[in-house]
Amino acid sequence: MTVIDPETQAGWVPEADEANEEEEMPLSLRLSIADTLTLGNATCGFMAVYFTTTGILIPHLTGSQESGMARHSAATAVILMLCAAVFDLFDGLVARKLRSSPMGAELDNLSDLISFGLAPAYFVLVYGMVADDAHQRVAAVGAIVVLLAVVLRLARFSCVTPRNGMFQGMPSPFGALTVVSIVLLELPFPATLMAILGTAWLMVSRVEYPKPRGRLAGAMLGWIVLSMGLLAAWAFDAPSGQLLLQTGCALQLVMGAVIPLFATARRVNNFRDNRREARAAQLP
C-alpha cells in the first residue's frame, strides 16, 4: 500500500527504500583482502601495547620484577610491531594488485596510528618509568613528541602527493622501529632522548625516503625477519643474544640516517644529468 504524505503529496514506498538501503550498505561495509591485512596491522599494534603493559609496566609497579619476563615481553611487543610492519607492507601490495575498498586509505591511516604511533610512544613512556637512569616526565614528553610526529606525518600523507617512488619524511613503520631500537640499545638517558627526538623530526621533515617496492620491499621484509630472529635470541638469552640485538638496533639507526643520503645523492645526480642534457641540446 502506498502512503501519501499530506504535506508533500509524495508517495512513500517502504519496500523500495529498504531495497535501496540493502543495495547501498554492503558496498561501503564490504572489506577487501587488503583491508583484512590492514586490520591485522591494527591488532598487532594493540597487542604490542598489551604486552608492554602486562609484562613490563605492571610487574614494575607491583614490585614483582623479573628480568626474564620483562625481556620476553619487550621482545614480544617489538616483534608484534614488526608483524604490523609486515601487514602494512603487504596490504599496499595487495591493494595495487587486486582491489581496495573505499575506506582502505582511512583504515590504513588509523591502523598505522595504533601500531606505529601509539605502540612505540607507549613503549618510550614505559621505558621512562622502569629504567633506572630515566626521568619519567621527560620521557613522557618524548613519547608525546613521537605520537604527534606520527599523527602529523599521516595527516600530511593524506593531503600531499609526494614525488613518484619517494616518501617525504621517514615512513612511520620505519620510524617506529627506529624508536624502539633506540630504547633497546640502553644508551644513557640524554642520548636516548635526543635520538628519539631526532627520529620524530625525521618523520615530519622533508627528507626523502624511497618507497619499499620491488627489490627494496624484499630487502625490507628480509630485514624484518632478521630483526625478529635477533629479538628471539635476546628474549631466550641465547649466547651473545644481547650483542646481536644491540648490533641489529645500531644497524637500524644507521639505515635511518644513511638511506636518505642515498636518495639525496641520486636526486643530485639526476639533476646534474638533466643539466648536461639541456646544455648538450643547446649546442649547435
Side-chain angles (χ1 to χ4, degrees), residues 78 81-82 84-86 88-89 92-93 112 115-117 120-121 123-124 142 145-157 159-188 190-228 230-231 243-279:
V78 179
M81 293 184 214
L82 289 166
V86 173
D88 184 64
L89 176 64
L93 296 175
D112 286 355
S115 299
F116 311 125
F123 198 81
V124 172
V145 171
V146 171
L147 179 62
L148 294 181
V150 175
V151 171
L152 291 172
R153 168 168 176 73
L154 293 174
R156 186 178 68 182
F157 181 76
C159 301
V160 177
T161 302
R163 193 162 61 90
N164 187 31
M166 304 297 292
F167 282 121
Q168 192 176 79
M170 180 183 286
S172 53
F174 198 88
L177 299 181
T178 303
V179 167
V180 297
S181 296
I182 293 168
V183 174
L184 293 175
L185 272 175
E186 298 182 354
L187 300 171
T192 299
L193 181 64
M194 293 303 296
I196 289 173
L197 295 178
T199 304
W201 176 81
L202 281 174
M203 283 193 280
V204 297
S205 70
R206 297 184 181 274
V207 177
E208 291 186 332
Y209 284 77
K211 292 183 178 180
R213 293 179 180 175
R215 293 181 180 179
L216 186 58
M220 181 177 177
L221 182 61
W223 172 248
I224 290 174
V225 173
L226 176 61
S227 299
M228 289 180 179
L230 296 176
L231 285 162
L243 178 61
L244 289 173
L245 178 70
Q246 291 182 342
T247 302
C249 292
L251 286 175
Q252 176 72 29
L253 267 67
V254 171
M255 286 193 299
V258 170
I259 287 176
L261 294 181
F262 283 110
T264 302
R266 186 175 65 176
R267 187 175 181 180
V268 170
N269 290 333
N270 290 338
F271 177 75
R272 289 176 177 174
D273 292 340
N274 293 335
R275 288 189 64 181
R276 289 195 192 104
E277 292 176 1
R279 288 176 180 175

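All values below were derived from every heavy atom in this structure, side-chain atoms included, with hydrogens, water molecules and symmetry-related copies excluded.
- The structure places CE of M255 at 10.5 Å from OH of Y209, a figure rounded to the nearest 0.5 Å.
- To the nearest 0.5 Å, atoms SG (C249) and CG (L184) are separated by 4.5 Å.
- Of all heavy-atom pairs between Q168 and R156, the closest is O-NH2, 2.8 Å.
- Of the residues listed (L243, L244, L245), the one engaging T247 in a side chain to side chain contact (heavy atoms under 4.5 Å, CB included) is L243, and it is the only one.
- For the atom pair CG of D88 and OG of S115, the computed distance is 8.0 Å after rounding to the nearest 0.5 Å.
- The minimum heavy-atom distance between F174 and G256, with the atom names listed, is CE2-CA, 3.4 Å.
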Check step by step if side-chain contact (heavy atoms from CB on, under 4.5 Å) holds for L202 and T178.
-> CA-CA 11 Å; L202 281 174; T178 303; over 6 Å; no

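- The structure places CD of Q246 at 6.5 Å from CD of E186, a figure rounded to the nearest 0.5 Å.
- Rounded to the nearest 0.5 Å, atoms CG (L147) and CG (L152) are 9.5 Å apart.
- Smallest separation of non-hydrogen atoms from L89 and A217: CD2-O, 3.9 Å.
- In this structure the side chain of F116 never reaches within 4.5 angstrom of the side chain of L154, judged on heavy atoms.
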Take V124 and V183, measure what side-chain contact (heavy atoms from CB on, under 4.5 Å) needs, and give me the verdict at the end.
-> CA-CA 7 Å; V124 172; V183 174; 4.1 Å; yes

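- With contacts defined as side-chain heavy-atom distances shorter than 4.5 Å, the pair V225/V86 does not qualify.
- To the nearest 0.5 Å, atoms CG (L193) and CG (L197) are separated by 4.5 Å.
- Of all non-hydrogen atoms in T199 and G175, the two that sit nearest each other are CG2-O, 3.7 Å.
- Nearest approach of P212 to M220, heavy atoms of both residues: CB-SD, 3.8 Å.
- Considering only heavy atoms from C-beta on, D112 stays 4.5 Å or farther from V150 through its side chain.
- L253 approaches S181 most closely through the heavy-atom pair CD1-CB, 3.9 Å.
- The shortest side-chain heavy-atom distance between L216 and P210 falls under the 4.5 Å cut-off.
- For the pair M228 and I224, the minimum side-chain heavy-atom distance is below 4.5 Å.
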